[in-house]
Number of protein chains: 2
Amino acid sequence: MALRHAVLAALLDGEYSGYQLSKAFDIGVANFWHALPQQLYAELTKLEKEGLVAGRQVVQETRPNKRLFHVTDAGRAELEQFAAAVSKPSFIRDDLLVKVQVADRIGTASVIEQLEERASAAEAKIELLGNLLRQLRGDADEEEFLRRGARIGPYLTCLRGLAFEQGHRDWCLRITAVLRERQTTDAKR
Amino acid sequence: MALRHAVLAALLDGEYSGYQLSKAFDIGVANFWHALPQQLYAELTKLEKEGLVAGRQVVQETRPNKRLFHVTDAGRAELEQFAAAVSKPSFIRDDLLVKVQVADRIGTASVIEQLEERASAAEAKIELLGNLLRQLRGDADEEEFLRRGARIGPYLTCLRGLAFEQGHRDWCLRITAVLRERQTTDAKR
DNA sequence: GCATCATACTCAAGAAAATGATTAGTCATA
DNA sequence: TATGACTAATCATTTTCTTGAGTATGATGC
C-alpha cells in the first residue's frame, strides 16, 4: 500500500489518464515516487474497484480513447488517513553506490564513467526542476510564493528533488575526481 | 539481482555472519542499501548455493553458534561484472514526501510533527555518520585519506549518506517552518 | 528474581514492484 | 515510403520486499 497513495496524491491536482500519470511520474511526481506505466494502470484499476478514484471515458478522434481519473471523497479520506499515520523511514538504494563501495577493490574505470554519466543526468534534472519551480511559482519570488501561494505541495516536493539531485551531482563529481587522482597516483608507482 | 550485490559488497571487507551483516545494514551499508535480517539470511543461502560466497561454522560457548561468510572468487567475478554493467537510476521513494505533496490540501498538523521527527532522526544519523567517517579515516584529514587511504570505498558511500541526511534534515526544517507560518497566517484570516 | 535485551537464526505468507511482450493508430522525418 | 517515436493501454510472469511468528541461550539491569 504505497504506490496507491502516490497515485492519489498525484491525482489530487486534476484529472489524468494512466498515460498522463506515467508522464507525471517521470517528472514532478518522480520527486517523491517512481513507477512504471504498467504499475500505474494496475494501481488505477485497483483504486477504481475500491472506489478511491473514478474514471470517465474520453473518446478521441485522432488518438486512442482514454480514461481520465479523479480522486473521490473516499480517496481523499484514504489520503488523509495515510497522512496521519506514521511514515516509514526513507532509504537510499542505488546500484551506483554499491559499485563505489567496491570501486577500490575491483576496476574503477567503468565506475568512473558511470559516475560521470550520472552527474550529467543529474545536471539535466536540476535544470528541468529549476524550470518547473519557476513555472510553479509564477511571478512571485520563492519566499513570497511559499508564504501565500495557493498550492505549494508540489513546489515543496520539487525542492527536495532539486536538493537531492544537486547533492547527487556534487557527490558524483567529487568521487570522480578522487578516483581519477588515485588512478594516476597508482599508475606512477 | 540487486540485494545480492549489496551483500557481496558488504562482505568484501571480511567475514560476517548473517546477524552481523544485518547490523551492518543498519549503519554503514544503509548508505547504499537497506534490507531486513530475513532477506539477508535468505540471500546468503542463495549466494552460497550459487558458490558466490562460502560459509564456515563457528562454534561458540557462551553464544549461539554462527556461520561466517566470505566472498569467493566467483563472487568477486560476479561483482566485477555487476560494476561494469549499466546502473539503474536511483529514485527517491518516501512516504513523507507524498504527505507533503498533499499537505496543503489536507491537514498539515500531523505532517509537521512527522517532519520534525524526521529532522531529528536525520540529525542523529548525521552525528553517527560523522563518527563513522572520523573512525574510517583515522588520524589523516579527509583530503589526505582520500588520496592515499587503503580502503576508501566505504568512506565514499558514507559521504553520500551524510550529504543525503543533511539535505533531508535541512529540507524537513525548511518545510516545517513554511507550513508553520502558513498555519498562523491562515488562522489570522 | 524477573524482565528485557542481545545473539543467532528459520519459516511461511502475502504484498508490492519490476520485467517483458503485445496491440494499434497517428504523426513527423529522412 | 519505410522508420521510428508518440499516444494509450493490457496481460502475464517473476522477482523482491515486507510482515509476523517462532526457537533458544546468555547477559544485563532494576
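- Dashed line: the shortest gap from a side-chain N or O of A:Tyr19 to OP1 or OP2 of D:dT7 is under 4.0 Å.
- A:Glu116 and A:Arg180 are joined by a salt bridge, as a carboxylate oxygen and a charged side-chain nitrogen come within less than 4.0 angstrom of each other.
- Not one side-chain nitrogen or oxygen of B:Gln60 sits closer than 4.0 Å to the OP1 or OP2 atom of C:dT7.
- For B:Glu48 and B:Arg56, the salt-bridge test fails: no basic side-chain N is under 4.0 Å from an acidic carboxylate O.
- We find that CD of A:Gln57 is positioned 11 Å from C1' of D:dA8, with the value rounded to whole Å.
- Proximity of A:Thr62 to the phosphate of C:dC27: a side-chain N or O atom is located under 4.0 Å from OP1 or OP2.
- Ring geometry for B:Phe164 versus A:Phe164: interplanar angle over 60°, hence perpendicular rather than tilted (30 to 60°).
- For the pair A:Gln39 and C:dA18, the criterion of a side-chain N or O lying under 4.0 Å from OP1 or OP2 is met.
- Residue order along DNA chain C, read from the 5' end via each residue's closest nucleotide, puts A:Gln38 first among A:Pro64 and A:Gln38.
- A salt bridge does not link B:Arg76 with B:Glu80: every distance from a Lys NZ or Arg NE/NH1/NH2 to an Asp or Glu carboxylate oxygen is 4.0 Å or more.
- When side chains are defined from C-beta on, A:Leu79 does not count as touching A:Val71, because their heavy atoms never get closer than 4.5 Å.
- One can place CZ of B:Phe25 at 12 Å from P of D:dT18, the figure rounded to the nearest angstrom.
- Whole-Å rounding puts the B:Tyr41 OH to D:dT18 C1' distance at 17 Å.
- OP1 or OP2 of C:dT19 sits under 4.0 Å from a side-chain N or O of B:Lys88.
- Counting to the nearest Å, the P atom of C:dT10 and the CG atom of B:Asn65 are 12 Å from each other.
- Looking at the side chain of B:Arg63, the nearest of the listed nucleotides C:dA6, D:dA24, C:dC9 is C:dA6.
- One interatomic measurement links the two molecules: CG of B:Leu21 to P of C:dA8, which rounds to 12 Å at whole-angstrom precision.
- Between B:Ser17 and C:dC9 there is a side-chain polar atom (N or O) within less than 4.0 angstrom of OP1 or OP2.
- For B:Arg93 and C:dA18, the shortest distance from a side-chain N or O to OP1 or OP2 is below 4.0 Å.
- The separation between A:Arg56 atom CZ and D:dA8 atom P is 13 Å, rounded to whole Å.
- Whole-Å rounding puts the B:Leu40 CG to D:dT18 C1' distance at 13 Å.
- The nearest whole Å value for the distance from the NZ atom in A:Lys46 to the P atom in C:dG14 is 15 Å.
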